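We count residues from 1, following the sequence as given. None of these values were measured; they are calculated from a predicted model.
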Amino acid sequence: MEIIAIVLALVGAGVGYGANNYVTKQKIGSAADEAKKELDKAKREATKITTAAREDAVKIAEEARKDEQVRRREFKDIESRLIQREESLDKKLDDIDKRTEKLRKAEAEVESLKDEIREIRAKQQEKLEKVAKLSKADATEKLMQMTERDIKNDLVGLVAKLQNEAKENAEEKATEVLVSAMERMASEVTAERTVTSVKLEDEEMKGRIIGKEGRNIQALQRATGVDIMVDDTPGYVVLSSFDPVRREVARQTIEMLMKDGRIHPGRIEEVVAKAQKNVEKEVVRAGEDAAREVGVLGIPKEVLHLLGELKYRTSYGQNVLKHSTEMAHIAGIIAEELGADVKTAKYAALVHDLGKALTHKMEGKHHHISGEMLRKYGAPEEVAVAAEQHHDDVEATTTVSLIVRVVDAISAARPGARNISAENFVERMKDLENVANSFKGIEKSYAISAGREVRVFVKPQQIDDLNAIKLARDIATKIESSMQYPGTIKVNVIRETRAVEFAK
C-alpha cells in the first residue's frame with residue numbers, strides 16, 4: 001500500500017510539473033504576441049510622427065522661402081529709393097555749387113561798386129574841402145562850436161524857467177513836495193554781518209569739534225554749508241556765511257552738540273536736521289508775528305516765510321525784521337495824515353526789504369528782488385511797486401512809494417539804529433572826494449554832512465554853466481556805479497567867477 005501511495009505521488013508530481021510547464025509556455029507565447037503588437041503599434045505611431053514632422057518642416061521651409069523673397073523685394077525697393085535720393089542730392093549739390101558761384105560773382109561786383117562809391121565820395125569830399133577851405137575835422141569842430149554857442153543860453157534859460165514854474169506850482173503839489181523833501185534822508189543799505197561767534201566751554205572742545213583728521217568739522221561744514229573757523233579767536237568758533245539762516249542753523253547745531261557731548265559725523269547729521277526744523281519753525285513764527293503786530297492780514301505764506309528770514313539779517317547792526325515792523329507803524333501814521341491807503345502803506349513798508357533774504361541767492365539789488373518776489377507770490381501790485389521804488393535808482397510814481405522811502409530813512413537814521421566804524425567812515429569820505437577829483441576841471445572837492453553831500457569847486461575858465469550841470473550829473477552817476485553808501489549823496493557843483501582889480 002505504501003508503495004502504491006509513493007507511485008501515485010510521483011505520478012501526480014509529474015503530471016503537475018507538465019501542466020505547469022504547459023501553462024508557462026502558453027503565457028510566454030501570449031506575452032510575446034502582446035509585445036509584438038505593441039512594437040508594431042509604436043512603429044506605426046513613429047511613422048505618423050515622422051511624416052507629420054517632415055510635412056511641418058516642408059511648410060516652415062516654404063514660409064522661410066516666401067519671407068526671404070518678400071525681404072529681398074523690400075531691400076530692392078529701399079535700394080532703389082536710396083539711389084533716387086542720392087541722385088536727387090547730387091542734383092541739389094550741383095545747384096548749390098552753381099548758386100554759390102553766382103553769389104561769389106555778385107559779391108565781387110558789389111565790392112567793386114563799393115570801391116567806386118568810396119572813390120567818388122573821397123573825390124567829392126576833396127572838392128568840398130577845396131571849396132570851403134576847411135578839412136572835415138575842422139568843419140565838424142566849427143559846427144559843434146556854433147551849435148553849442150547858439151543853444152547854451154537857451155538851455156540855461158530853460159533850466160531857470162523850469163525852476164520858476166516849480167516854485168509857482170508849489171501850492172498845488174504841497175503833499176508831494178513835503179514827502180519829497182523828507183525823502184532826502186532815504187538810505188540804501190547793502191552791508192550786513194556775515195559771521196557769527198559761538199563761545200566754547202573750554203579749549204578742549206575745539207579739538208572735539210574738529211575731530212580726528214578733521215572729520216567732524218568737515219561733516220559740519222558739509223551739512224550746514226557754513227565755513228567754520230576754530231583757530232581765529234580764542235574761546236570762540238566763528239561761523240561765516242552770506243546766508244544768515246544757514247549761520248543760525250550752524251550755531252544751534254554746535255550749541256546742541258556741545259550740550260549733548262556726542263560729536264561724530266552720524267550725530268552731526270541728526271542734530272543739523274533737528275536745528276533746521278527748529279529754525280524753520282522760528283522763521284515762520286517770526287513772519288506771522290511781524291504781520292500780526294502791524295495789523296496786516298492776507299499776506300501769502302511764501303512772503304511771510306521770506307519776511308521771517310529777515311529775523312537773522314542785519315544791516316549796519318540794525319535787525320532788518322525789527323526795522324521793517326518799525327517802518328510799518330510809522331508808515332501807517334504818515335499815510336493817515338496824508339490821506340493815503342493806510343493798509344497798503346503798512347503792507348509795503350513791512351515787506352520792502354524782502355529781497356534782503358535772497359540777495360545771497362539772486363543777482364540784483366534787494367529792492368528789485370523784493371518787487372519781483374511780491375509779484376511772483378501774488379501780493380498786490382501797488383505793494384510790489386512801492387517796495388521796488390523805495391530807493392532812488394527807480395523813480396517813485398505813487399504816494400505810497402514816497403512814504404516807504406521816508407519811513408525807511410526815519411527808521412535807519414534815528415540815533416543808535418545803525419553802526420558804522422570810524423575807519424570805514426573816513427575811507428568812504430576819501431573815496432567820495434577821489435571820485436569827484438577824477439574829473440577834469442575840478443579845483444577842489446569836499447565830502448561834508450557825514451558823507452551825504454560832496455561839494456565840488458570847478459575852474460571857471462574850463463567849466464561853463466552848461467558843463468557844470470552836466471558835470472554834476474556825471475559825478476552822481478559815477479558815485480552810484482562805483483560806491484556803496486548808506487544814504488542819498490547830494491552832488492553840489494559850484495562855479496564862481498571873480499573879477500579882481502586894484503586901485504592905485
Side-chain angles (χ1 to χ4, degrees), residues 175-176 179-192 287 290-291 294 296 298-310 313 315-316 318 320-332 334-335 338 340-413 476-477 479-481 483-489:
T175 302
E176 294 182 9
V179 179
S180 298
M182 294 171 65
E183 68 160 324
R184 292 181 181 180
M185 293 294 294
S187 60
E188 178 177 357
V189 180
T190 56
E192 65 172 316
V294 300
V296 179
I299 300 178
K301 292 182 179 179
E302 296 84 358
V303 175
L304 284 176
H305 189 278
L306 292 174
L307 185 64
E309 289 187 9
L310 296 179
R313 172 70 188 264
S315 290
Y316 288 95
Q318 185 181 32
V320 178
L321 183 57
K322 291 182 179 179
H323 164 66
S324 299
T325 54
E326 183 180 83
M327 280 182 56
H329 289 302
I330 301 173
I334 294 179
L338 296 178
D341 189 336
V342 175
K343 181 180 178 181
T344 302
K346 282 188 173 183
Y347 196 160
L350 181 64
V351 299
H352 77 289
D353 274 344
L354 203 70
K356 288 187 177 180
L358 297 169
T359 50
H360 54 283
K361 299 176 182 177
M362 298 176 62
E363 294 184 359
K365 296 183 178 180
H366 72 273
H367 49 290
H368 296 300
I369 299 174
S370 297
E372 181 181 346
M373 291 297 103
L374 289 168
R375 292 188 181 93
K376 178 180 178 180
Y377 295 126
E381 177 63 21
E382 56 269 24
V383 173
V385 169
E388 191 174 41
Q389 295 177 351
H390 81 272
H391 282 307
D392 291 335
D393 61 338
V394 181
E395 182 181 358
T397 57
T398 65
T399 303
V400 174
S401 300
L402 292 173
I403 291 174
V404 175
R405 286 191 182 187
V406 169
V407 295
D408 187 24
I410 294 172
S411 176
T477 301
I479 290 173
E480 290 176 357
S481 62
M483 293 185 64
Q484 293 182 346
Y485 47 91
T488 301
I489 298 176

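The minimum heavy-atom distance between A349 and V407, with the atom names listed, is CB-CG2, 4.5 Å. Closest heavy-atom contact between A290 and L321: CB-CD1, 3.9 Å. Here the closest non-hydrogen pair linking A348 and V404 is CB-CG2, 3.9 Å. Across all non-hydrogen atoms, the minimal contact from A291 to L304 is CB-CD2, 3.8 Å.
To the nearest 0.5 angstrom, L354 atom CG is 9.0 Å from Y377 atom OH. Interatomic distance, I334 CD1 to H329 NE2, rounded to the nearest 0.5 Å: 13.5 Å. Between E309 atom CD and L307 atom CG the span is 10.0 Å, to the nearest 0.5 Å. Between the CE atom of M327 and the CD1 atom of I403 there is a distance of 11.0 Å, given to the nearest 0.5 Å. Taking CG of D353 as the start and CD1 of I369 as the end, the distance is 11.0 Å to the nearest 0.5 Å. The NZ atom of K322 sits 12.5 Å away from atom OG of S324, with the distance rounded to the nearest 0.5 Å.
The side chain to side chain contact (heavy atoms under 4.5 Å, CB included) test applied to A379 returns Y347, L374, not counting sequence neighbours. With sequence neighbours left out, T325 forms a side chain to side chain donor-acceptor pair (under 3.5 Å) with no residue at all.
Among pairs with a residue in residues 369-379, those fulfilling salt bridge (Lys or Arg N to Asp or Glu O under 4.0 Å) read R375-E381, R375-E388, at least two apart in sequence or across chains.
The shortest distance between side-chain heavy atoms of V303 and P300 falls below 4.5 Å. Between E326 and I330, some side-chain heavy-atom pair lies under the 4.5 Å cut-off.
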Run the numbers on S401 and V385 for side-chain contact (heavy atoms from CB on, under 4.5 Å), then give the verdict.
CA-CA 7 Å; S401 300; V385 169; 4.2 Å; yes
Please step through side-chain contact (heavy atoms from CB on, under 4.5 Å) for the pair L306 and L310, ending with a clear verdict.
CA-CA 7 Å; L306 292 174; L310 296 179; over 6 Å; no
Before giving the answer on salt bridge (Lys or Arg N to Asp or Glu O under 4.0 Å), spell out for R405 and D408 the whole-Å C-alpha distance, their side-chain angles and the decisive distance to 0.1 Å.
CA-CA 5 Å; R405 286 191 182 187; D408 187 24; over 6 Å; no
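When only modelled atom types and interatomic distance are considered, E382 and T398 share no side-chain donor-acceptor pair under 3.5 Å.
The six-membered or imidazole ring of H352 lies near that of H323, with a centre-to-centre distance under 6.0 Å.
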